[in-house]
Amino acid sequence: MSNRVVLAYSGGLDTSVAIPYLGEMLDADVVAVSLDLGQGGEDMESVRQRALDCGAVESVVVDAKDEFAEEYCLPTIKANGMYQGEYPLVSAISRPLIVKHLVEAAQEHGGTHVAHGCTGKGNDQVRFEVGFLNQDPDLEIVAPARDFAWTRDKAIEFAEGKDLPIEQSAASPFSIDQNVWGRAVETGFLEDLWNPPTKDLYAYTEDPALGNAPDEVIISFESGKPVAIDGRKVTVLEAIEELNRRAGAQGIGRLDMVEDRLVGIKSREVYEAPGAITLITAHKALEDVTVERELARYKRLIDARWSEEVYDGLWFGPLKRSLDAFIESTQEHVTGDIRMELHAGKATVNGRRSNHSLYDFNLATYDTGDTFDQTLAKGFVRLHGLSSQIANKRDREAGAQK
């Protein structure tokens, strides 16, 4: 065979079916590449073996957990990355890392094509393919579910006909993507916006109504990076994992939202991201203390734009790189501790301390010892409102003349 396809392999129905299907359609060998991003669940060796059992000539598993945490989750923390102010970019930040390793595998194994299991309705096709085009435009791209109108029922029928070693049926309608940063669930009965999520939908979080005792945690940051929990030094991965466990036990990080997909449709998604939501909440609180007002105001705009770039699959784009540089420059003084209470679905900040704090007690206090000169305020207020005062005077006079 002259063609060799490097496939982003998850171990699920769509990508398992893709192995023999791509082999037949393209007369190609298929190399399956799977990344361990801390998604938990099935053992990665089982995933590797399933790819071989489905017909892959090579099956590569990459332990990318620390790389994902340090190079993808950490920038998301520093950017307070939340698309539409809610979605913590669970899937969006994993795709460029998968792209990176697929391109490397293609170069190592003589790949002529790269493939993914995305449909034509979603954002991930864009994230994968724009990434491929940015990293190695000579690779041909193929997407079986989209390019060959590959529906779920056809995939199940094909799998049964080939006796592929997968457990999937039409009775399991959800599409699930997960990693250490969070879990995304869509399709099935969730496509009716009136249907509430059922309890069995969740895996990373407990029901917040269970009444578990409150859990107090102190998260320490250095230049925007979480470095300790309750005084114990941790890596970024360890911080996410511990807070997934502790915040997840309190039902923190459940999201049910309708988001604006890049392709132009609205989609209902249910997310679980206990560690992500807790870390971003803490990071924001520390920025409130350590980042100067005008810089903080502008950074909020940049954070939102950064999140849109990442959501839209432009991780490797020049604007995103420039935004990264700006965001990194704002983190110099984001060092200190945030105390939070994790309870009943909420991560509530109740303590802040930093040697880089811009909070001045003597300026802020209303008690004896106040050093704020209130006599300056009267003139400030008059000057601050002067331009709008003049404009309103003009509009009143114009209205009176009509």
Side-chain angles (χ1 to χ4, degrees), residues 37 68-100 116 118-135 175 177-186 224 240 253-273 275-285 287-288 291 294-331 334:
L37 301 177
F68 181 51
E70 293 284 345
E71 298 183 22
Y72 297 82
C73 298
L74 178 56
T76 306
I77 294 169
K78 291 181 177 181
N80 302 311
M82 304 273 272
Y83 179 65
Q84 293 182 202
E86 292 186 79
Y87 166 51
L89 303 170
V90 169
S91 299
I93 62 171
S94 73
R95 297 333 188 208
L97 178 55
I98 296 171
V99 164
K100 173 189 170 185
H116 60 78
C118 307
T119 71
K121 286 187 177 182
N123 303 303
D124 281 338
Q125 59 174 335
V126 181
R127 295 164 183 159
F128 278 120
E129 296 184 23
V130 170
F132 293 141
L133 291 168
N134 277 284
Q135 296 297 293
S175 175
D177 180 55
Q178 62 190 46
N179 55 55
V180 74
W181 195 235
R183 184 169 179 268
V185 184
E186 63 178 352
I240 299 168
R254 291 186 174 188
L255 304 167
D256 179 356
M257 64 179 290
V258 174
E259 66 191 49
D260 291 314
R261 284 186 175 177
L262 176 60
V263 297
I265 64 176
K266 290 185 181 289
S267 173
R268 197 246 189 113
E269 310 281 342
V270 171
Y271 297 108
E272 296 179 277
I277 295 297
T278 302
L279 282 165
I280 290 173
T281 300
H283 180 261
K284 281 182 177 178
E287 283 192 332
D288 290 343
V291 178
E294 294 305 310
L295 180 57
R297 285 178 173 176
Y298 197 73
K299 183 176 183 290
R300 284 191 284 272
L301 300 176
I302 297 302
D303 288 348
R305 191 69 187 92
W306 186 93
S307 299
E308 291 169 348
E309 286 288 290
V310 173
Y311 183 89
D312 290 351
L314 297 172
W315 181 275
F316 299 106
L319 174 56
K320 189 264 184 183
R321 287 197 299 271
S322 294
L323 297 180
D324 280 336
F326 170 82
I327 290 168
E328 190 62 35
S329 75
T330 69
Q331 299 300 289
V334 186

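Throughout, residue positions are numbered sequentially from 1 according to the sequence presented.
In this structure, CD on E129 lies 12.0 Å from CG on N134, to the nearest 0.5 angstrom. A distance of 8.5 Å separates CG of L74 from CD of Q331, quoted to the nearest 0.5 Å. Interatomic distance, D124 CG to S94 OG, rounded to the nearest 0.5 Å: 7.0 Å. One distance of note links CZ of R127 with SG of C118; it measures 9.0 Å at 0.5 Å rounding. Expressed to the nearest 0.5 Å, how far NZ of K100 lies from CD of Q135 amounts to 9.0 Å. Rounding to the nearest 0.5 angstrom, the gap separating the CZ atom in F68 from the CG atom in N179 is 4.0 Å.
At a threshold of 4.5 Å between non-hydrogen side-chain atoms, the residues S307 and L89 count as touching. No side-chain heavy atom of V310 sits under 4.5 Å from any side-chain heavy atom of Y72. A heavy-atom distance below 4.5 Å is found between the side chains of H283 and V334. Put simply, the side chain of E272 does not reach to within 4.5 Å of the side chain of V185, judged on heavy atoms. In this structure, Y87 and E269 have side chains that are not in contact, with every pair of non-hydrogen atoms separated by 4.5 Å or more.
Salt-bridge formation is not detected for the pair D303/R300: no Lys NZ or Arg NE/NH1/NH2 atom is positioned less than 4.0 Å from an Asp or Glu carboxylate oxygen. Salt-bridge formation is not detected for the pair D177/R183: no Lys NZ or Arg NE/NH1/NH2 atom is positioned less than 4.0 Å from an Asp or Glu carboxylate oxygen.
Just one of E86, E259, E186 meets the side-chain hydrogen bond (donor to acceptor under 3.5 Å, both in side chains) condition when paired with Y271; it is E259. Paired with N80 under the rule side chain to side chain contact (heavy atoms under 4.5 Å, CB included), one option of T281, I302, I280 passes, and it is I280.
At distances below 3.5 Å, at least one donor-acceptor pair connects side-chain atoms of Q125 with backbone N or O atoms of G120. Under a 3.5 Å cut-off, the side chain of Q84 and the backbone N or O of D260 do form a donor-acceptor pair.
For E308, the side chain to side chain contact (heavy atoms under 4.5 Å, CB included) test picks out Y83, R305, with sequence neighbours left out.
Taking the ring centre of Y311 as origin, the terminal cationic atom of R261 falls outside the region bounded by 6.0 Å and 45° from the ring axis.
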Using the side-chain contact (heavy atoms from CB on, under 4.5 Å) rule, take R254 and I277 through it: C-alpha gap first, then chi angles, then the decisive distance, then the call. CA-CA 9 Å; R254 291 186 174 188; I277 295 297; over 6 Å; no
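Across every non-hydrogen atom of A296 and V291, the tightest pair is N-CG1, 3.7 Å.
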Please tabulate, for the side chains in residues 313-323, all donor-acceptor contacts under 3.5 angstrom to protein atoms that are two or more places apart in sequence or on a different chain.
from, atom 1, to, atom 2, distance (Å)
K320, NZ, D324, OD2, 2.8
R321, NH1, F316, O, 2.8
S322, OG, P318, O, 3.2

